[in-house]
Amino acid sequence: MCMLCVARKGSALSSGARQLLSNWQCPVKASGSQLAQGRLFSSLPEPAHEPTRPNEVEGKVAHPSLLNEDLLKAEYAVRGELYNKAMELQKQGRELIFTNVGNPQQLGQQPITFNRMVTSLVAAPFLMGHPSAPSMFPADVLERAKKINGMFGGALGAYTDSRGNAGVRQEVADFIKQRDGYPSNPDNIFLTDGASVAVRLLLNALIRDSSDAILVPIPQYPLYSASIQLYGGTLLPYNLKEQTGWSMDFNEISRSVHDARNHGTNVRAMVFINPGNPTGQCLTEDNLRDLVRFAAKEKVVLMADEVYQPNIYQDEKPFVSAKKVLGDLGKPISDSVELASFHTVSKGVLGECGLRGGYVELTNFHPGTVDELYKAVSINLSPNTTGQVAMSLMVNPPKPGDESYAQWKAEHDEGLASLRRRAHAMTDGFNALDGVTCTFTEGAMYSFPRLHLPPKAIAAAAAAGKPADTFYCLQLLEATGIVTVPGSGFGQEEGTFHLRTTILPPEAKIGEFVKLFQDFHKAFMAKYA
C-alpha cells in the first residue's frame with residue numbers, strides 16, 4: 001500500500017480531499033508485469049539517457065582524451081616542446097644552457113646575503129638565542145629576524161591569514177606609498193605564491209564565459225593566453241609595433257575593442273607588461289597616461305604586470321608605476337579606474353624564483369569584489385610563508401646606517417650593473433649577425449631578436465611540420481645546448497619569426513654564449529641559403 005492509500009484510509013482528511021482521492025489507483029496494486037519490469041506507471045520519471053560521451057577510455061576515467069577541453073587547448077611555450085626536448089637531452093648527459101625562463105639563480109646569480117641570513121634565522125629561530133649568534137650575524141640581521149619572527153608569532157610553519165601576514169602586507173603598503181607618493185591599503189593587498197597566482201586569481205574572477213575577453217599584448221607572456229583558455233575566456237590580442245620599439249597603437253586597439261563589442265563580446269580587462277616580457281621595452285609616463293585614460297574611457301580593468309620594475313638598463317625611461325600615474329591624473333580618473341598591480345620576489349637582483357613570493361594590490365575595486373577574492377584565496381588557506389618573508393625583505397631592505405647596508409647596496413648595485421652590461425652584450429651580439437635584428441633590451445630579463453629566415457629554411461620547417469622559429473630553436477638546441485623559446489609561443493605578427501632568450505648567463509661567460517649562438521646562426525643560414 002502506498003502513502004496516499006494510507007492517507008485515504010485515515011480519518012483526518014477533509015471531504016474535499018477524499019473526493020480528489022476517490023479515483024486514485026494504487027501503483028503497488030498494479031500488475032506484476034509492471035513491477036517485474038522495475039516500473040510502476042508511465043507517469044513516473046523515465047530513467048536517464050545513456051551519457052553521450054564515454055566515461056572511460058582504455059580503462060581510464062582520467063584518460064587524456066576525456067579531460068577538460070580548455071585544459072587540452074591551453075599551451076605554455078616556456079615549458080613546451082623545446083623544454084621537453086631539453087629534458088631528454090639532459091637525461092642523455094648533454095650540458096645545457098637554460099635561457100628559456102627568467103630563473104636567475106639557475107644560471108649562477110647569487111642571492112642577497114642579508115636576505116638569506118635573515119630567512120635562515122626566521123626558519124630556525126633557536127639560532128637567534130645561540131651564544132655564537134652575535135659573532136656570526138650582524139646586529140641588524142638579528143634584529144630583523146626577531147621582528148619578522150614576531151610578526152609570524154614565532155611559527156613560520158603555521159598558516160597565515162589567507163591574504164598573507166598582516167605585518168608583511170603593511171610593509172608592502174609602505175613600500176608602495178614611498179614609491180608612488182599615494183597611500184595604499186594593506187587590506188587590498190594579497191600576498192600570493194608568486195605573481196602568477198595573483199594574475200590567475202584576477203582572470204578567474206573576471207572571466208564568466210567565452211563571451212568575456214581580455215585584451216593582451218602580442219607578443220605576450222603565455223601565462224595570460226594559457227590562463228584565459230583554462231578559465232574558458234577569450235583572448236583579444238593587441239599588437240605591439242616592433243618597428244617603433246614595441247609601441248602601442250591606441251587607435252588600432254580602440255577599433256579592436258569596438259569591433260569585439262559589436263559582435264557581442266564583453267571586453268573586461270586590459271593587460272600590459274612593463275618592462276616588457278618578452279620584448280624588453282619600457283613604457284614612458286606618456287604611454288602610461290594613455291593606458292589609464294584608455295581604461296577609463298573603455299571601462300576595462302587595468303592589469304599592470306610590473307614584476308620587472310627593478311630591471312631597468314637605460315636612463316631615459318625609468319620605471320614609473322601605473323598606480324603613480326593613476327594618482328597623478330586626479331579625479332575622476334584616479335578614483336574610478338580599477339587597477340590590479342602585480343609584483344614578485346622572483347626578478348630584480350633577488351631572483352628568488354623558487355621561494356614563490358608575490359603580491360597584487362587592488363585599487364578602486366568594489367569592497368564586495370575584494371571580499372569575493374578573499375573567499376577565493378581562502379580555499380588555499382594560506383600563501384607559503386617563506387615567500388612572504390622574502391617579500392618583506394624585498395620591500396623593506398636595509399637602510400643607510402644599518403650594519404648590513406653597505407654590503408647589501410654593493411650586491412644590489414653590482415648585480416643590476418652586471419645585468420645592464422649583459423643586456424648590451426646580448427643585443428649587440430644579435431645585431432652583429434646577418435639575418436637578425438633585435439631592439440635593445442631596455443628592461444626585464446630578455447632579448448627578443450627577429451629571425452629573417454631564408455625561404456629554404458621556412459620550407460624545411462613546413463616539411464617537418466614545425467613553425468619556422470620552432471624549427472630554428474630545435475636545431476639551436478641540438479647543436480649548442482642553448483634552450484630558448486620560439487616567438488610563436490608568445491604570438492607574433494604574421495610572417496615574422498623570433499626567439500626569446502634571457503640575458504642571464506653569467507657575465508664571465510656571456511661572450512662565450514654569444515659566440516656559440518653566432519657560430520650556429522651562421523652555419524644555419526649557410527645551410528639553407
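To the nearest 0.5 Å, the span separating OH on Y446 from CG on N311 amounts to 9.0 Å. Here the CD1-CD distance, from I112 to E411, works out to 5.0 Å after rounding to the nearest 0.5 Å. Here R356 contributes atom CZ and L191 contributes atom CG; the two are 13.5 Å apart, rounded to the nearest 0.5 Å. Atom OG in S378 sits 10.5 Å away from atom CD in E372 (nearest 0.5 Å). Summarising the geometry, atom OG belonging to S247 is positioned 11.0 Å from atom CG belonging to D290; distances are rounded to the nearest 0.5 Å. Between atom CG of residue D209 and atom CG of residue N266 there is a gap of 7.5 Å, rounded to the nearest 0.5 Å.
Between K324 and D328, at least one side-chain nitrogen of the basic residue sits less than 4.0 Å from a carboxylate oxygen of the acidic one, meeting the salt-bridge criterion. A salt bridge is absent between R420 and E442; no separation between the charged side-chain nitrogens and carboxylate oxygens falls under 4.0 Å. Under 4.0 Å is where a charged nitrogen must lie from a carboxylate oxygen, and between E285 and R289 at least one such pair does. Salt-bridge formation is not detected for the pair E143/K399: no Lys NZ or Arg NE/NH1/NH2 atom is positioned less than 4.0 Å from an Asp or Glu carboxylate oxygen.
Across all non-hydrogen atoms, the minimal contact from S184 to A173 is O-CB, 3.5 Å. T344 and G194 get closest at one heavy-atom pair: OG1-CA, 4.5 Å. Of all heavy-atom pairs spanning A123 and L156, the tightest one is CA-CD2, 3.8 Å. Across all non-hydrogen atoms, the minimal contact from I228 to L235 is CG2-N, 3.8 Å. Heavy-atom minimum distance, I218 versus P237: CG1-CB, 3.4 Å. Here the closest heavy-atom approach between residue I503 and residue L419 is recorded as CD1-O, 3.7 Å.
When only modelled atom types and interatomic distance are considered, T284 and N287 share a side-chain donor-acceptor pair under 3.5 Å. T439 and W246 share a side-chain donor-acceptor pair at under 3.5 Å. Between the side chains of E56 and H63, no donor-acceptor pair is found at a separation under 3.5 Å. Judged purely by distance below 3.5 Å, without hydrogens or angles, the side chains of S321 and E306 never pair a donor atom with an acceptor atom. Side chains of H343 and E361: no donor on one and acceptor on the other come within 3.5 Å. Under the 3.5 Å distance criterion, with hydrogens and angles disregarded, a donor-acceptor pair is assigned to the side chains of Q170 and D174. For T265 and R261, the side-chain atoms include no donor-acceptor pair closer than 3.5 Å. A side-chain N or O of N396 and one of E171 form a donor-acceptor pair less than 3.5 Å apart. In this model, a donor atom of one side chain and an acceptor atom of the other lie less than 3.5 Å apart for S404 and D140. There is a side-chain donor-acceptor pair under 3.5 Å between R179 and Q309. Side-chain contact, E352 with Q105: a donor N or O sits under 3.5 Å from an acceptor N or O. A donor-acceptor pair shorter than 3.5 Å cannot be found between the side chains of T99 and T502. Under 3.5 Å, the side chains of S392 and R144 contain a donor-acceptor pair of N or O atoms. Counting only N and O atoms by type, the side chains of T234 and S210 include no donor and acceptor under 3.5 Å apart.
A distance-only check finds no donor-acceptor pair linking the side chain of D402 to the backbone of Y405 [under 3.5 Å]. With hydrogens and angles disregarded, a donor-acceptor distance shorter than 3.5 Å links the side chain of N364 to the backbone of S334. The backbone N or O of N384 lies less than 3.5 Å from a partner atom in the side chain of D193, making a donor-acceptor pair.
Screening residues 247-269 for ring pair (Phe, Tyr, Trp, His ring centres under 6.0 Å), with sequence neighbours left out, gives F250-F294. Within the structure, no pair that satisfies the ring pair (Phe, Tyr, Trp, His ring centres under 6.0 Å) test touches residues 360-391, not counting sequence neighbours.
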Evaluation steps, salt bridge (Lys or Arg N to Asp or Glu O under 4.0 Å), between E493 and K241
CA-CA 9 Å; E493 187 178 341; K241 305 301 181 183; over 6 Å; no
Test T160 against N165 for side-chain hydrogen bond (donor to acceptor under 3.5 Å, both in side chains), laying out the working first.
CA-CA 6 Å; T160 67; N165 180 276; over 6 Å; no
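The closest side-chain heavy-atom distance from F98 to Y83 is below 4.5 Å. The shortest side-chain heavy-atom distance between N55 and L66 does not fall under the 4.5 Å cut-off. Under the 4.5 Å side-chain criterion, counting only non-hydrogen atoms from C-beta, Y182 is not in contact with K177. The shortest distance between side-chain heavy atoms of R169 and D161 falls below 4.5 Å. Annotation: side chain of L499 is not in contact with side chain of P486 (no heavy-atom distance under 4.5 Å). Inter-residue side-chain proximity for L202 and L362 is flagged as met; some heavy-atom pair is nearer than 4.5 Å. With contacts defined as side-chain heavy-atom distances shorter than 4.5 Å, the pair S254/E298 qualifies. Between I333 and V292 the shortest side-chain heavy-atom distance falls below 4.5 Å.
The aromatic rings of Y224 and Y221 sit perpendicular, their planes meeting at an angle over 60°, well past the 30° parallel limit.
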For residues 268-281, which side-chain donor-acceptor pairs fall under 3.5 Å, sequence neighbours excluded?
unit_1	atom_1	unit_2	atom_2	d
R268	NE	L206	O	3.0
R268	NH2	L206	O	3.3
N274	OD1	L283	N	2.9
N277	OD1	R500	NH1	2.8
T279	OG1	Q281	OE1	2.2

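At most 12 heavy atoms of other shown residues, nucleotides or ligands fall within 6.0 angstrom of atom CD in Q178.
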